[in-house]
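A quick write-up on the structure given underneath.
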Amino acid sequence: MAEGLFSDQLWTSAPRCVKVRAPGKINAFFQAGPLRADGYHAVASTYLAVSRYEEVAVTARPGTPATAITVSIGPGSSLSPQALAGIPLDTSNLAVKAALLVAEIAENPSGVHIEITKHVPIAGGMGGGSADAAATLVACDALWHTGLSREELSQLGAELGADVPFALLGGAAVGLGIGDELTAALAPTPLHWVLVPADFGLSTPLVYGALDTLRADAGIVAEEPVQVEAGVLTALRASDPQALAPWLHNDLQAAALSLAPSLTPVLAKGTELGALASLVSGSGPTLAFLAADEDHARQLAAALTDAGHEAWAVEGPVHGAAIIQ
Ligand code: ATP
């Protein structure tokens with residue numbers, strides 16, 4: 001009886017909570033131009049959202065001001081405690097920044113608590129922080145009834161980082177500008193991939209810096225990228241992994257490998273074990289291996305695990321940030 005009473009009390013006094021799931025991403029194709037005067041690099045990127053998700057639960061804290069935003073890491077997170085310790089739990093957390101942006105628009109918002117269940121590697125080149133920001137934008141919009149359109153959420157997201165609009169959109173998309181000018185790409189059937197996370201992170205600005213240095217040392221003057229290779233989009237439209245394999249490309253790969261040479265033999269191992277193609281995801285250090293189909297991805301993940309590497313079979317493209325509860 002006491003238990004029933006407790007449940008009833010919980011039911012009537014439970015604070016409102018919205019839970020959102022947002023995907024990590026890989027870049028099937030990535031070209032970066034030279035360093036611009038504003039500190040950015042223009043890019044031509046093909047983003048793919050993959051089935052490795054962040055979960056963000058935003059709970060109202062009635063009676064507290066909108067600035068009373070707290071954040072914690074959920075106990076269901078699958079990353080190592082050491083990795084999780086690298087996440088800031090103050091206003092520099094991208095999820096907190098996202099909540100503050102929506103609070104500026106909402107009428108009478110309360111404070112909130114944000115719980116992030118992390119599954120996407122930190123500083124892993126998979127846009128995990130961006131996924132948290134995207135999920136928080138969607139959750140706060142629902143919690144505070146701000147009624148923002150996807151386009152408006154995307155504009156807010158772009159203020160937080162170039163990858164946030166894509167985490168909202170999901171699927172497959174071409175990103176131009178600094179990656180935030182998105183056009184959805186057709187990819188009717190998901191492809192199968194194996195991801196190998198690293199037990200360290202790589203700072204994106206550091207990787208871009210290494211790219212600029214490598215180019216300067218080699219006397220290469222990079223051109224401004226204009227568009228992604230058509231072959232990538234044709235292969236995605238056909239959902240044809242064999243056709244996509246030769247088009248996978250990442251300008252940041254050599255720079256990431258120069259900073260983290262231990263990744264090179266792992267890339268080679270994936271190819272040796274039968275991956276159709278292997279590449280560094282975004283600014284790394286997560287590695288992405290293309291498989292022929294779901295069974296092949298499972299076998300490849302098992303073989304990489306046997307070889308001593310953590311490996312996840314995933315599919316992509318998948319949907320962008322979506323409310324799950
Ligand atoms: P991208 O590919 O978009 O450059 P990434 O996946 O390489 O991103 P993130 O995991 O997004 O990198 O995190 C980069 C840094 O951002 C971290 O080292 C951390 O200090 C900071 N950060 C801020 N908020 C978060 C968050 N919610 N989760 C993870 N890192 C965060």
Side-chain angles (χ1 to χ4, degrees), residues 20-28 30 32 40-41 43 45-50 52-58 69-74 77-101 113-137 139-140 157-169 173 175 178-180 182 195 197-211 250-253 255-256 259-260 263 279-288 321:
V20 176
R21 194 168 84 150
K25 58 83 187 169
I26 59 175
N27 302 82
F30 193 88
Y40 286 100
H41 294 74
V43 306
S45 161
T46 306
Y47 287 105
L48 286 188
V50 292
R52 186 84 193 170
Y53 300 97
E54 300 282 77
E55 272 184 26
V56 174
V58 179
I69 295 173
T70 51
V71 60
S72 64
I73 303 303
S77 300
S78 55
L79 307 182
S80 72
Q82 194 191 0
L84 294 173
I87 300 172
L89 297 177
D90 55 18
T91 50
S92 65
N93 190 297
L94 284 168
V96 177
K97 288 185 181 182
L100 287 168
L101 277 184
H113 179 71
I114 305 168
E115 185 183 77
I116 307 173
T117 303
K118 295 284 300 183
H119 297 295
V120 175
I122 294 149
M126 288 189 61
S130 302
D132 299 340
T136 306
L137 289 172
C140 288
E159 292 180 33
L160 299 168
D163 290 342
V164 181
F166 177 71
L168 286 163
L169 181 69
I178 58 164
D180 60 335
L182 292 176
L195 303 178
D199 57 7
F200 56 89
L202 276 179
S203 143
T204 304
L206 214 64
V207 176
Y208 271 106
L211 171 69
N250 183 0
D251 268 2
L252 293 176
Q253 179 154 317
L259 294 171
L263 298 174
L279 89 168
V280 169
S281 171
S283 53
T286 307
L287 304 178

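Both counts, for ligands and for their atoms, begin at 1 and track the order of listing. Because only heavy atoms are used, hydrogens play no part in the values below, and waters and symmetry mates are left out as well, while side chains stay in.
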Query raised in the report: Where is the tightest heavy-atom contact between His113 and Ser72, given as atom of each residue plus distance?
Result: NE2-OG, 2.8 Å
Query raised in the report: Is there a heavy atom of Pro88 sitting under 4.0 angstrom from any atom of ligand 1?
Result: yes
Query raised in the report: Strictly under 4.0 Å, does any heavy atom of Lys97 approach an atom of ligand 1?
Result: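 Heavy atoms of Lys97 never come under 4.0 Å of ligand 1.
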By number and element, which atoms of ligand 1 are closer than 4.0 Å to a non-hydrogen atom of [X]?
X	value
Gly128	6 (O), 11 (O)
Ser92	23 (C)
Pro121	10 (O)
Met126	2 (O), 6 (O)
Asp132	26 (C), 27 (N), 28 (N)

Would you check if [X] and [Y] make a side-chain contact, meaning some heavy-atom pair closer than 4.5 Å?
X	Y	answer
Ile116	Asn93	yes
Phe166	Ser130	no
Leu89	Val96	no
Met126	Val50	yes
Val71	Ile87	no

Query raised in the report: Between Asp132 and Ile114, is a side chain to side chain contact (heavy atoms under 4.5 Å, CB included) present by the stated rule, with each step listed?
Result: CA-CA 10 Å; Asp132 299 340; Ile114 305 168; over 6 Å; no
Using a plain distance cutoff, I'd like to know if [X] has any nitrogen or oxygen under 3.5 Å from a nitrogen or oxygen of ligand 1.
X	result
Gly125	yes
Ala95	no
Gly284	no
Gly127	yes

Residue, atom name and distance, where the atom is the protein heavy atom closest to [atom]:
atom	value
atom 30 (N) of ligand 1	Ile122 CG2, 4.1 Å
atom 29 (C) of ligand 1	Lys118 NZ, 3.3 Å
atom 11 (O) of ligand 1	Gly129 N, 2.8 Å
atom 10 (O) of ligand 1	Ala123 N, 2.9 Å
atom 4 (O) of ligand 1	Thr204 OG1, 2.7 Å
atom 1 (P) of ligand 1	Asp163 OD2, 3.6 Å

Query - For Val280, the option from Thr286, Leu252, Asn250, Val207 that meets side chain to side chain contact (heavy atoms under 4.5 Å, CB included) - result: Asn250
Report task. Please determine which of Pro23, Pro197, Ser78 meets the side chain to side chain contact (heavy atoms under 4.5 Å, CB included) test together with Arg52. Result -> Ser78
Report task. Check the pair Val58, Cys140 against side chain to side chain contact (heavy atoms under 4.5 Å, CB included), reporting the backbone distance first and the verdict last. Result -> CA-CA 7 Å; Val58 179; Cys140 288; 4.1 Å; yes
Query raised in the report: Nearest heavy atom to atom 25 (C) of ligand 1: which of Leu84, Leu94, Ile73 does it belong to?
Result: Leu94
Requested in this report: Would you confirm whether any non-hydrogen atom of the protein falls under 4.0 Å from atom 22 (N) of ligand 1?
Outcome: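 Protein heavy atom within 4.0 Å of atom 22 (N) of ligand 1: present.
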Query raised in the report: Hey, is atom 15 (C) of ligand 1 under 4.0 Å from any protein heavy atom?
Result: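 No; the ligand atom in question lacks any protein heavy-atom contact below 4.0 Å.
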Query raised in the report: Is the side chain of Ser281 donor-acceptor paired with the backbone N or O of Gly125 at a distance under 3.5 Å, no angle test?
Result: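 Yes.
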Query raised in the report: Going by an N to O cut-off under 4.0 Å, is there a salt bridge joining Arg21 and Glu54?
Result: no
Requested in this report: Check the pair Leu182 / Tyr47 against side chain to side chain contact (heavy atoms under 4.5 Å, CB included), numbers first and verdict last.
Outcome: CA-CA 9 Å; Leu182 292 176; Tyr47 287 105; 3.7 Å; yes
Query raised in the report: With a 4.0 Å heavy-atom cut-off (strictly under), which part of Glu54 contacts ligand 1: side chain, backbone, both or neither?
Result: neither
